[in-house]
Amino acid sequence: MYKPEEIEPKWQKQWADDGLYHADINQEKPKFYALTMLPYPSGDLHIGHWYAMTPSDARARFKRMQGYNVLFPMGFDAFGLPAENAAIQRGIHPKQWTYRNIDNMRRQLKSMGAMFDWRREAISADPSYYRWTQWFFIQFFKNNLAYQKQAPVDFCPNCNTTLAREQVQGEDRHCERCGTPVIKKNLTQWFFRTTNYAEELLDFSGMDWPEQVQTLQTNWINRSEGASVVFKTENGDSIEVFTTRPDTLWGATFMVLAPEHPLVEKVTTPAQKPAVESYQEQAKHMGDIQRESADREKTGVFTGGYAINPVNDKKIPIWIADYVLMSYGTGAIMAVPAHDQRDFEFARKYDLPIEVVIQPADQNPINPAEMDAAVPASGEMVNSGPLTGTPGDQAFDRAVEYIAERGVGDKSINYRLRDWLISRQRYWGAPIPIIHCPKCGAVAVPNEDLPVELPEDVEWLPTGESPLKLHPTWRMTTCPQCGGEAERETDTMDTFMCSSWYHLRYLSPDYDQYPFDPKEYDYWMPVDTYTGGIEHATMHLIYTRFFHKACRDLGITKGKEPMLQLRNQGMVLGEDNEKMSKSRGNVISPDDLVAEYGADTVRAYLMFFARWELGAPWNSSGIEGSVRWLRKVWYAFLEPVKNAKSANKDVLRDLRRKVHQTLQSVTRDFENLGFNTIVSGLMELLNEMTTAKSAGAFGTDAWQEAQSIYLRMMAPVCPHIAEELWQKTGHDYSIHTQPWPEVDVAATKEDEITLIVQVNGKLRDRITLPANVSEEQAKAAALDSENVQHFMEGKPPKKVIYVPGRLVNIVV
RNA sequence: GGGGCAGUGGCGGAAUGGCAGACGCAACGGACUUAAAAUCCGUCGGUAGUAGUACCGUGUGGGUUCGACUCCCACCUGCCCUACCA
């Protein structure tokens, strides 16, 4: 009887006692760093965690059997808001809540039978971990990669904290964590200079990452080429604008500033002041959702001020309007109503002049008075002073040259990517290691004082405000520079900061001289295969790339990228085809499944039931297929067949062929992470083996070989039953240290082939021929076929196509 | 508005441009059983036919090719990302 409840705990204990999955530096072997995104300790391991981790584990095991020294670590992304919510709602300290969950989840992870090297576990909420998170912050701070600025930032009123731009999602601009629509607040916050790396982050060369992730990141960074041009106001202030159409500069008939633009106050005339201020007030109170909706009618107010168009010295009015956003470009635009739809609408509404300066070749001369929409196409420059007559394909470059020569602007590249806002007004995170001194300003906490530990004696108010702000003593300290009274920064870091470098902490979680042991780094990095959900495409995966590159420039890390190959798994939906959630009651619990079927069955089913990168709805009866498979394997290998015949040579040769053909395809599928066809290939081979067994193959040399190869192919998928059967069939412990079997190419060759015969591309017959048949013989045999002749209707063949080993196609 | 991904039986899915539907689930028929479960055997895209077999069939319409689920173009549907981005 196959009893997973007995064999699984037994082998898990044995493997742990023997340190079977310990990965240590070994210069003799090629290394392989397999990494799967670490879980947040929310309380229970979800079937989605299993779906993400099991195939990654199987792939890591396969690599190990191939002879690689494989590192496959696990840890916990342990800081974050749910812990604090538990504190507020249930009165449990976040630390207690988190570490209790970690204990439970570690137990659940162990029930998977994965090859995690638990000695390398890292928990981001441990002071020994966040000490280095803080150290990284200080390196960034000292090298001008971390800075403070006041800006209108996104704030989640439910989570009571600011968010990075990436963490605001969807049309309604909601919080990534809780779904509440965010609001804008003007606050002083800490940022990392991710924009310094915008250009480099667009370079995916040498990386084996899914196209989709590259596209998502490329779109997110959104590089646009144009020019920056400086306009002067009448009293000499500069207003810089960014434009992608410098060739339309002569058509700029007004300027628009964002309502929050710092120059608004200066350019506004006393007469316009009341109108401007009331518009600013209105813009401030309007939600971003309304404000950024493109179909809203454009509104704005004249400031009374004027600017000079630097190419033609024309005096043009300065307006403010909320369709110009302070957060993109310079927060100011030159408006070219003839060639930009937004500016056109605005000009028509407020009766501002429209000047045509581009004439596309395929259109009739444009008359501004009759236009009902802007003409955004490129074309010959007209009414453009010295550049009039410049053809469309040269217009951009000539215009840029012209403004550069006159010193009023230059070519410029703009990105939508923003600097990463890392301040969080929360308790349960790594404190930002800064001391604010009234004399010295923001001063980094000295290295010897790290970590800045979170105080444990804290209280939560129902408001959700950070207890660090309210703590009676923690906040008060002295300035490391002048020794005077000073205050600690009370904001903590975005948890994405912790997860930007966890792959480095795994290398040496106990090392206390540096974030990682350089020897370990040199051996293991970079990560060879990284797996996780695609939802991190524009968050974690951008942050961690930025982090690596920034650290590289500081001499901390090496190489272009931290993760060479990336693969994304899909999502397991509930049986009702909806996202699993407690409120829907469609949650599948891995603990229940393991109790009912055993871990190997769950692993096999998760790898089999869907294309990994797509995911699929769960199917409770589908798992029966995996149950039957393992039961059949058990009996096929252990029970001798009753009244056995003796197998003939054909049976054994066919068996060997199928075994080695399967080995070929399974090896390829493991390499390419094609997990569903690994399992289906093994099922198919088992069916063949069962047939061979009843034909008397059991116990023969060919059978022994088949069995040995089968169990080794199965070992990465179902490690427990494979180990048990390996032992029971007389092999030495452990199957997981065995080499991956080698394909006997000669054995895979068919000695007979079935040629399909087509007439005009339609299947008309199948003929069986010796594998070494010549082209002439094959064609002759095909033409000889009765059915083929029937469909040729007596016509002579015009052409006969022969694909060796596959088909003959007769064209008549 | 811009960009991306996907569309194959009742379901999940398979198929280096070459036999569409491997493998599995469900369903149906049968064997074993007093019965059920388990197990085993068989059927399982549609239409016509007792059958051999024929015709149709991979979202729709075109194209390339001796040959298209696969490559190209257009469209439809669904999902995801993004968006007054200057």
Side-chain angles (χ1 to χ4, degrees), chain A residues 169-171 173 210-220 222-224 226 241-245 248 256 258 291-298 321-325 327-336 339-343 345-346 414-417 534-535 537-538 575 577 604-605 608-611 613-629 631-632 635 665 668 674 676-687 690 754-766 787 790-791 797-803 805-812:
Chain A
Q169 301 181 336
E171 238 170 286
R173 296 180 48 77
E211 282 296 326
Q212 201 191 349
V213 174
Q214 296 186 34
T215 307
L216 284 169
Q217 293 201 348
T218 303
N219 290 347
W220 182 257
N222 194 28
R223 178 185 200 269
S224 68
V241 301
F242 173 76
T243 175
T244 53
R245 291 297 301 276
T248 65
V256 186
R291 186 167 157 185
E292 290 184 6
S293 125
D295 14 300
R296 205 178 112 241
E297 198 182 340
K298 292 179 182 26
D322 60 13
Y323 78 92
V324 173
L325 308 174
S327 51
Y328 183 77
T330 59
I333 62 160
M334 65 178 209
V336 185
H339 305 293
D340 181 286
Q341 185 59 27
R342 296 156 299 181
D343 300 342
E345 286 166 26
F346 195 79
N414 215 346
Y415 303 90
R416 198 195 53 170
L417 181 76
I534 193 145
E535 66 275 14
T538 55
E575 293 207 77
N577 208 4
Y605 184 57
F608 173 75
F609 92 111
R611 270 169 63 184
E613 65 277 22
L614 296 181
W618 182 260
N619 179 343
S620 294
S621 55
I623 197 169
E624 290 299 333
S626 299
V627 173
R628 287 174 200 147
W629 174 48
R631 203 144 52 198
K632 282 193 248 181
Y635 283 112
S665 67
R668 189 192 58 223
N676 55 341
T677 47
I678 291 171
V679 180
S680 68
L682 289 172
M683 287 173 168
E684 209 176 322
L685 175 56
L686 183 70
N687 293 343
T690 310
T754 303
L755 274 189
I756 56 167
V757 185
Q758 300 179 331
V759 178
N760 289 336
K762 290 205 172 188
L763 175 72
R764 294 306 179 192
D765 202 3
R766 299 181 174 86
N787 208 33
H790 173 247
F791 281 96
K798 206 192 283 177
K799 198 170 169 187
V800 180
I801 289 144
Y802 175 64
V803 181
R806 288 201 175 264
L807 63 73
V808 178
N809 186 12
I810 299 158
V811 188
V812 295

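Within every chain, numbering begins at 1; the chains are lettered A, B, ... in the order of the sequence lines, protein sequences first and strands thereafter. Quick note: numbers below take in every heavy atom, side chains included, and nothing from hydrogens, waters or symmetry partners. All values reported here derive from a predicted model rather than from experimental measurement.
- Rounded to whole Å, the distance from CZ on A:Arg342 to P on B:rA86 is 7 Å.
- Atom NE2 of A:His790 is separated from atom P of B:rU53 by 13 Å (rounded to the nearest Å).
- When the nucleotides B:rA86, B:rG18, B:rC55 are ranked by their closest atom to the side chain of A:Leu325, B:rA86 comes out on top.
- Distances shorter than 4.0 Å separate some side-chain N or O of A:Arg416 from OP1 or OP2 on B:rA83.
- Relative to the side chain of A:Ile756, the nucleotides B:rC19, B:rC55, B:rA83 differ in distance, and B:rC19 lies closest.
- Nearest nucleotide to the A:Thr243 side chain, out of B:rA86, B:rU16, B:rG24: B:rA86.
- Across all strands shown, A:Gly805 has no heavy atoms under 4.0 Å from either base or sugar-phosphate atoms.
- Of the candidates B:rC66, B:rC19, B:rA86, B:rC19 carries the atom nearest the A:Arg766 side chain, counting heavy atoms from C-beta on.
- Comparing B:rG4 with B:rU8, their C1' atoms sit 22 Å apart, to the nearest whole Å.
- In this model, the phosphate group of B:rU16 is not approached by any side-chain N or O of A:Arg668 to a distance below 4.0 Å at OP1 or OP2.
- What separates CG of A:Asn222 from P of B:rC84 is a distance of 11 Å, to the nearest Å.
- No donor-acceptor contact under 3.5 angstrom links the side chains of A:Asn222 and A:Ser224, judged on distance only.
- Residues A:Met683 and A:Phe608 meet the side-chain proximity criterion, which asks for heavy atoms closer than 4.5 Å.
- Here the nucleotide nearest the side chain of A:Phe608, chosen from B:rC23, B:rC55, B:rA86, is B:rC23.
- One P atom belongs to B:rU65, the other to B:rG59, and the distance between them is 23 Å to the nearest Å.
- Atom name C1', nucleotides B:rG45 and B:rC28: the rounded distance is 16 Å, in whole Å.
- Across B:rG12 and B:rG2, the matching P atoms stand 31 Å from one another, rounded to whole Å.
- Contact check for A:Val759 versus A:His790: no side-chain heavy atoms found under the 4.5 Å cut-off.
- Where A:Thr538 and A:Leu614 each meet RNA chain B at their nearest nucleotide, the meeting point lying more 5' is that of A:Leu614.
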> In dot-bracket notation, what is the pairing pattern of RNA chain B, taking Watson-Crick (N1-N3 plus N6-O4 or O6-N4) and G-U wobble (N1-O2 and O6-N3) contacts under 3.5 Å, with [ ] crossing and | for other strands?
Replying inline: (((((((..(((.....[....))).(((((.......))))).((((....))))..(((((..]....))))))))))))....

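- A:Lys762 has no side-chain polar atom (N or O) that falls below the 4.0 Å cut-off from OP1 or OP2 of B:rA68.
- In this structure the side chain of A:Lys632 reaches within 4.5 angstrom of the side chain of A:Leu686, judged on heavy atoms.
- Among the protein residues, A:Leu216 comes within range of the sugar-phosphate backbone only, with heavy atoms under 4.0 Å from sugar or phosphate atoms but none that close to a base.
- We find the NZ-CG distance between A:Lys762 and A:Asn809 to be 12.0 Å, quoted to the nearest 0.5 Å.
- No engagement by A:Trp629 is indicated, since no non-hydrogen atom pair under 4.0 Å with the nucleic acid exists.
- When side chains are defined from C-beta on, A:Ile333 does not count as touching A:Asp340, because their heavy atoms never get closer than 4.5 Å.
- B:rA22 and B:rG13 have their C1' atoms separated by 10 Å, with the value rounded to a whole Å.
- For B:rG9, the glycosidic angle deviates from 0 by 90° or less, giving a syn base.
- Rounded to whole angstrom, the span from the CZ atom of A:Arg628 across to the P atom of B:rC23 amounts to 15 Å.
- Residues A:Tyr328 and A:Asn414 have side chains in contact (heavy-atom distance under 4.5 Å, counting atoms from C-beta outward).
- Between A:Glu211 atom CD and B:rC81 atom C1' there is a gap of 15 Å when expressed in whole angstrom units.
- Distance CD (A:Gln169) to C1' (B:rA83): 15 Å, rounded to an integer number of Å.
- No engagement by A:Arg223 is indicated, since no non-hydrogen atom pair under 4.0 Å with the nucleic acid exists.
- Using a 4.0 Å heavy-atom distance criterion, A:Tyr802 is classed as making no nucleic acid contact.
- Atom C1' of B:rC73 sits at a distance of 29 Å from the matching atom of B:rC19, rounded to the whole Å.
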>> Quick one, A:Tyr802 with A:Leu755, criterion side-chain contact (heavy atoms from CB on, under 4.5 Å). Give me CA distance, side-chain angles, the key distance, then yes/no.
In response: CA-CA 10 Å; A:Tyr802 175 64; A:Leu755 274 189; 4.1 Å; yes

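- Side chain of A:Ser621, nearest nucleotide from B:rG4, B:rC25, B:rA20: B:rC25.
- Listed candidates were B:rC25, B:rC66, B:rC85. Nearest to the side chain of A:Lys799 is B:rC66.
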> When you look at A:Arg764 and A:Val757, which way does the side-chain contact (heavy atoms from CB on, under 4.5 Å) test go after all the steps?
Replying inline: CA-CA 6 Å; A:Arg764 294 306 179 192; A:Val757 185; 5.6 Å; no

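- Closest to the side chain of A:Ala610, from the set B:rG18, B:rC85, B:rG12, is B:rG12.
- Of the candidates B:rA14, B:rA20, B:rA22, B:rA14 carries the atom nearest the A:Asn676 side chain, counting heavy atoms from C-beta on.
- Both A:Ile623 and A:Gly329 lie near RNA chain B, and the one whose nearest nucleotide falls closer to the 5' end is A:Ile623.
- Looking at heavy-atom distances under 4.0 Å, A:Val811 makes contact with sugar-phosphate atoms alone, never a base.
- Looking at heavy-atom distances under 4.0 Å, A:Asn787 makes contact with sugar-phosphate atoms alone, never a base.
- Looking at A:Lys298, its side chain comes within 3.5 Å of the base of B:rC84 through a donor and an acceptor atom.
- Per the geometry, NZ belonging to A:Lys632 stands 13 Å off C1' belonging to B:rA38, to the nearest Å.
- Within 4.0 Å of A:Asn414, counting heavy atoms only, lies no atom of the nucleic acid at all.
- A:Tyr605 has its ring centre less than 6.0 Å from the ring centre of A:Trp618.
- The base of B:rG18 sits within donor-acceptor range of the side chain of A:Gln758, with an N or O pair under 3.5 Å.
- Rounded to whole angstrom, the span from the CZ atom of A:Arg764 across to the C1' atom of B:rG67 amounts to 13 Å.
- Of the side-chain N and O atoms in A:Thr330, none sit less than 4.0 angstrom from OP1 or OP2 of B:rA86.
- Of the candidate nucleotides B:rA54, B:rG18, B:rC19, B:rG18 has the atom lying nearest to any side-chain atom of A:Leu807.
- The separation of B:rG3 from B:rA83, taken at their P atoms, amounts to 15 Å, rounded to a whole angstrom.
- Judged by the 6.0 Å and 45° rule, A:Arg342 forms no cation-pi pair with A:Tyr323.
- Nucleotides B:rA27 and B:rC80 are separated by 35 Å at their C1' atoms, to the nearest Å.
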